[in-house]
Amino acid sequence: MALVLTFVLLPPVQAQSKITLNLKDADIQTVIATVSEFTGKNFIIDPRVKGKVTIISSKPMDKGEVYQTFLSILEVHNYAAVPAGKLIKILPDVNAKQSSTPVVTAASPGHGDEMVTRVIEIENVSAAQLVPILRPLVPQQGHLAAYAPSNVLILSDRANNVERLIRIIKRVDVASVNDVEVFPLKHASATEVVRILETLRRQNKRDSKSTDSSMLVADERTNSILLSGDKAERLNVRALITHLDTPLESTGNTKVIYLRYAAAKDLVPVLTGLGENVEKMKKGGGKNAAAGSMLNIQAHESTNALVITAAPDVMRSLEGVIRQLDVRRAQVLVEAVIAEISQNRLAELGVQWLFDGTPGGDGPVGGVTFAGNANLLNIAATAASGAATSVPSVAGAFMGLGRFDSQNVNFAMLVNALEGDGNTNILSKPTIVTLDNEEAEIVVGQNVPFVTGSYSATGGSSSPTNPFQTIKRENVGITLKVKPQINEGDAIRLDIEQKVDDVASSSGSAADLVTNTRSISTTVMIDDGGSIALGGLIKDSLRETEQKVPGLGDIPFLGALFRNRSTIKEKTNLMVFIHPTILRDAATTTRMTSSKYNFIRAQQLEAREHGVALMEDDVAPVMPTFEEFMQLPAPFEETQVEPPADETADQP
């Protein structure tokens with residue numbers, strides 16, 4: 001086997017200052033070797049770099065021009081030259097962006113078709129918004145990405161294309177010329193004009209893919225429109241606003257406004273005063289500013305509507321006020337707990353004497369007695385009148401002894417001992433629901449008669465007496481009067497009047513009725529769902545009474561036979577607690593009502609379970625379940641409702 005060596009003798013290109021590249025279908029490997037020899041650069045060639053190169057040149061080029069021409073040749077054949085230290089790697093374009101391409105700056109941006117990477121700072125617009133705009137201008141082998149935190153673009157491509165993209169970015173990345181203009185309206189409503197313009201702009205965007213970026217905001221307080229955006233866009237919107245802000249042909253108009261929550265008759269005085277003030281301000285505030293006014297506000301109570309006749313600007317002001325006043329008012333559930341505990345104790349001990357010095361016992365001649373029901377004078381008076389000699393009713397115990405059949409002196413002694421102990425425990429829980437800022441009252445008690453006067457006319461011997469009395473009836477029981485006011489947030493201001501009346505147990509007929517009264521009138525502030533103690537009315541009294549015979553009652557030991565002692569101790573403690581709950585919506589109201597409803601129904605079911613004496617077990621009435629109660633049949637609809645499973649099956 002023979003080894004054949006072929007030598008090609010070329011002129012030494014490195015010794016020349018300029019050369020003319022004029023090649024046709026030359027192997028790219030040969031071209032790379034020629035450029036390396038002429039420029040003195042060292043190349044590393046990827047095995048995938050293959051192809052034929054044609055270069056047509058009519059004039060000589062120096063080293064720099066030859067190298068730039070070489071880079072253009074590589075770009076045409078989808079190759080790239082990537083510097084790596086003192087070497088230059090010739091790679092396919094696909095792999096070039098992932099290699100160590102040089103990161104250039106504005107001072108040294110690179111030249112020609114050199115593969116470079118550059119970080120571009122964006123100052124006025126968002127870098128992420130530029131990516132979809134610049135992406136079509138970057139070749140497939142290039143790279144474009146945005147880094148939002150520092151608002152920069154990272155671009156990897158040929159130096160020429162990078163410079164072209166930077167020139168485009170500089171034209172786009174300019175300070176916004178958007179200004180904000182304020183348009184005060186004289187005739188139209190700012191809110192209504194903004195609504196019309198926004199509707200028109202949305203329609204234009206759908207039809208013509210418009211990029212209108214102007215922004216409209218209505219200021220109801222000054223009836224003005226705030227407009228921001230590009231100058232040209234603002235010019236078009238300004239023309240529309242001027243066209244819409246024109247007065248009506250008539251000097252007034254009439255509207256019927258139906259109210260949802262507020263009472264029409266309550267709003268008439270407020271709106272009338274407001275409308276007159278607006279007209280005065282519009283006419284300069286003179287004394288005769290309201291003369292000739294067309295303002296007229298009437299309430300139609302049947303439909304709860306307002307009929308308003310006013311100028312357009314006055315009408316706008318009134319409509320804004322109505323929208324803010326016609327809102328759903330919250331309700332307040334006020335629960336009160338009234339607890340009264342009383343203790344009454346009585347102790348009495350005494351001795352009474354009666355002496356009769358007349359033989360035969362014709363009548364008393366002396367005695368020692370004290371105030372009270374069981375005393376010897378009452379007993380003696382009863383005996384002298386020939387009535388029954390039974391001792392009057394007394395509480396406690398008494399004992400009598402003496403001598404009654406003596407011909408000389410008869411005497412009697414009565415020892416009475418009394419001790420009483422009474423306890424009272426009263427608990428009341430009135431509950432009432434009312435609207436915000438509306439006074440409510442609940443009364444639970446009796447209507448008791450009180451004698452206020454009497455008159456009697458007596459005729460002759462044959463005419464009977466004609467008595468006449470005047471009686472006044474008053475409520476005696478528990479009275480709760482409350483007016484809640486919900487402040488901003490969850491605080492509630494409560495004007496409370498709480499009164500507890502009861503008839504004293506010692507009262508007799510209607511002519512001498514005595515009532516005990518305990519009342520509280522106060523104003524408190526409390527949070528929603530909280531509780532507060534309005535105060536305790538406490539009565540703690542101790543009364544000691546001693547009755548004795550002067551002189552005899554002071555004798556040691558024996559003086560006790562001539563004394564009567566009593567001690568009365570009364571203690572009353574009344575506490576009132578208030579628990580308000582705000583009912584802002586229907587769900588809260590339903591939940592609270594359901595809990596109260598189910599509580600009463602549980603009491604009825606318990607009564608039915610225990611049964612009724614001398615009657616059938618299912619006689620006790622029971623309310624339907626709350627769910628059935630909330631789903632009552634329509635009027636005149638005959639339906640059969642099956643009893644609940646927990647009730648007896650034979651309930652009618």
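Computed from a predicted structure; not experimentally measured. The figures here come from the full heavy-atom set of this structure, side chains too, leaving out hydrogens, waters and symmetry mates.
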>> Taking the basic N atoms (NZ, or NE/NH1/NH2) and the acidic carboxylate oxygens, is any pair closer than 4.0 Å for E438 and K483?
In response: no
> Are any of the side-chain heavy atoms of L165 and L137 separated by less than 4.5 Å?
Replying inline: yes
> Can you name the closest pair of heavy atoms from L134 and L153 and give their distance?
Replying inline: CD1-CD1, 3.8 Å
>> Please determine whether a side-chain nitrogen of the Lys or Arg among R584 and D490 lies less than 4.0 Å from a carboxylate oxygen of the Asp or Glu.
In response: yes
> With E335, which residues qualify under salt bridge (Lys or Arg N to Asp or Glu O under 4.0 Å), at least two apart?
Replying inline: K596
> Do D495 and T523 have side-chain N/O donor and acceptor atoms under 3.5 Å apart?
Replying inline: yes
> Can you name the closest pair of heavy atoms from R135 and L144 and give their distance?
Replying inline: NH2-O, 2.8 Å
> Which atoms form the tightest heavy-atom contact between R328 and A586, and what is the distance?
Replying inline: NH2-N, 3.8 Å
> Side-chain contact, heavy-atom cut-off 4.5 Å: V524 with L534?
Replying inline: yes
> Going by an N to O cut-off under 4.0 Å, is there a salt bridge joining E474 and K472?
Replying inline: yes
> Would R201 and E198 pass as an ion pair if we require N to O under 4.0 Å?
Replying inline: yes
> Taking only residues two or more places apart in sequence, or in another chain, which ones meet F577 in a ring-ring contact (aromatic ring centres under 6.0 Å, His included)?
Replying inline: none
> What are the two closest non-hydrogen atoms of S428 and I478, and how far apart are they?
Replying inline: OG-CD1, 2.8 Å
>> Can you give me the closest heavy-atom contact between Q324 and V327, atom names plus distance?
In response: O-CG1, 3.5 Å
> Are a donor atom and an acceptor atom from the side chains of S594 and N598 found within less than 3.5 Å of each other?
Replying inline: yes
>> On a heavy-atom basis, which atom in I120 and which in I169 lie closest, and how many Å separate them?
In response: CD1-CD1, 4.0 Å
